[in-house]
Amino acid sequence: MTPFSMLDNVQRMVTTYCKKPWNRWRASFAHTYLRNPWVFFSLLAAVILLAATILQTVYTILPYNKS
């Protein structure tokens, strides 16, 4: 490929995009957790369950701190 061609510029832009850590992490996350809908739903359920557990813990501790 010649250094000044249009495709060379596109290849450089794609390479720069792929080297950024955020984009690599996002692609890895999508490849691992969004490939199958069941995996996504189980991940979503786990996050909701974790948030509910944290809320329950906070609301259980709050009355003891007020007195």
Side-chain angles (χ1 to χ4, degrees):
M1 202 176 319
T2 61
F4 299 108
S5 70
M6 188 71 97
L7 288 177
D8 185 53
N9 187 26
V10 172
Q11 182 182 10
R12 285 184 192 165
M13 289 177 9
V14 169
T15 304
T16 304
Y17 179 83
C18 291
K19 284 185 178 180
K20 292 182 181 178
W22 170 253
N23 296 328
R24 295 178 88 188
W25 178 83
R26 189 175 60 180
S28 175
F29 177 81
H31 180 73
T32 304
Y33 295 109
L34 302 178
R35 174 180 271 188
N36 187 349
W38 291 110
V39 175
F40 172 72
F41 288 133
S42 65
L43 176 68
L44 184 65
V47 169
I48 290 171
L49 184 63
L50 180 65
T53 304
I54 290 171
L55 280 174
Q56 182 181 8
T57 304
V58 167
Y59 283 123
T60 302
I61 293 174
L62 280 178
Y64 291 112
N65 287 338
K66 288 183 180 181
S67 58

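Predicted model, so just to flag it, every value in this text is computed and none were measured. Only this structure's heavy atoms are used, side chains among them; waters, hydrogens and symmetry mates stay out.
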Discussion item. Let me confirm one number: the CG-CG distance from Leu49 to Leu44, rounded to the nearest 0.5 Å.
Written reply: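 It is 11.5 Å, given to the nearest 0.5 Å.
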Practice prompt. Measure the OG1-CD1 distance between Thr53 and Ile48 for me, rounded to the nearest 0.5 Å.
Written response: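 Going from OG1 on Thr53 over to CD1 on Ile48, the span is 11.5 Å.
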Practice prompt. Please name the pair of heavy atoms, one in Asn23 and one in Tyr17, separated by the smallest distance, quoted to 0.1 Å.
Written response: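 Heavy-atom minimum between the residues: ND2-O, 2.9 Å.
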Item to complete: Determine the minimum heavy-atom distance between Val39 and Thr32, stating which atoms define it.
Response: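 The answer is CG1-O, 4.2 Å.
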Worksheet item: Does a sphere of radius 6.0 Å around OH in Tyr33 hold more than 12 heavy atoms from other residues, nucleotides or ligands, not counting ones at 6.0 Å or beyond?
Response: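 Open.
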Practice prompt. Count the heavy atoms belonging to other residues, nucleotides or ligands that lie under 6.0 Å from CZ of Arg24, then report whether that count exceeds 12.
Written response: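 Atom CZ in Arg24 is not packed in, count stays at 12 or less.
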Worksheet entry | Thr15, Asp8, Thr16, Asn9 screened by side-chain hydrogen bond (donor to acceptor under 3.5 Å, both in side chains) with Arg12, the one that passes |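 Among Thr15, Asp8, Thr16, Asn9, the one that satisfies the side-chain hydrogen bond (donor to acceptor under 3.5 Å, both in side chains) with Arg12 is Asp8.
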Fill in: Single-linkage hydrophobic cluster, 4.5 Å side-chain cutoff, Leu55 and Ile61 together
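Cluster IDs for Leu55 and Ile61 differ.
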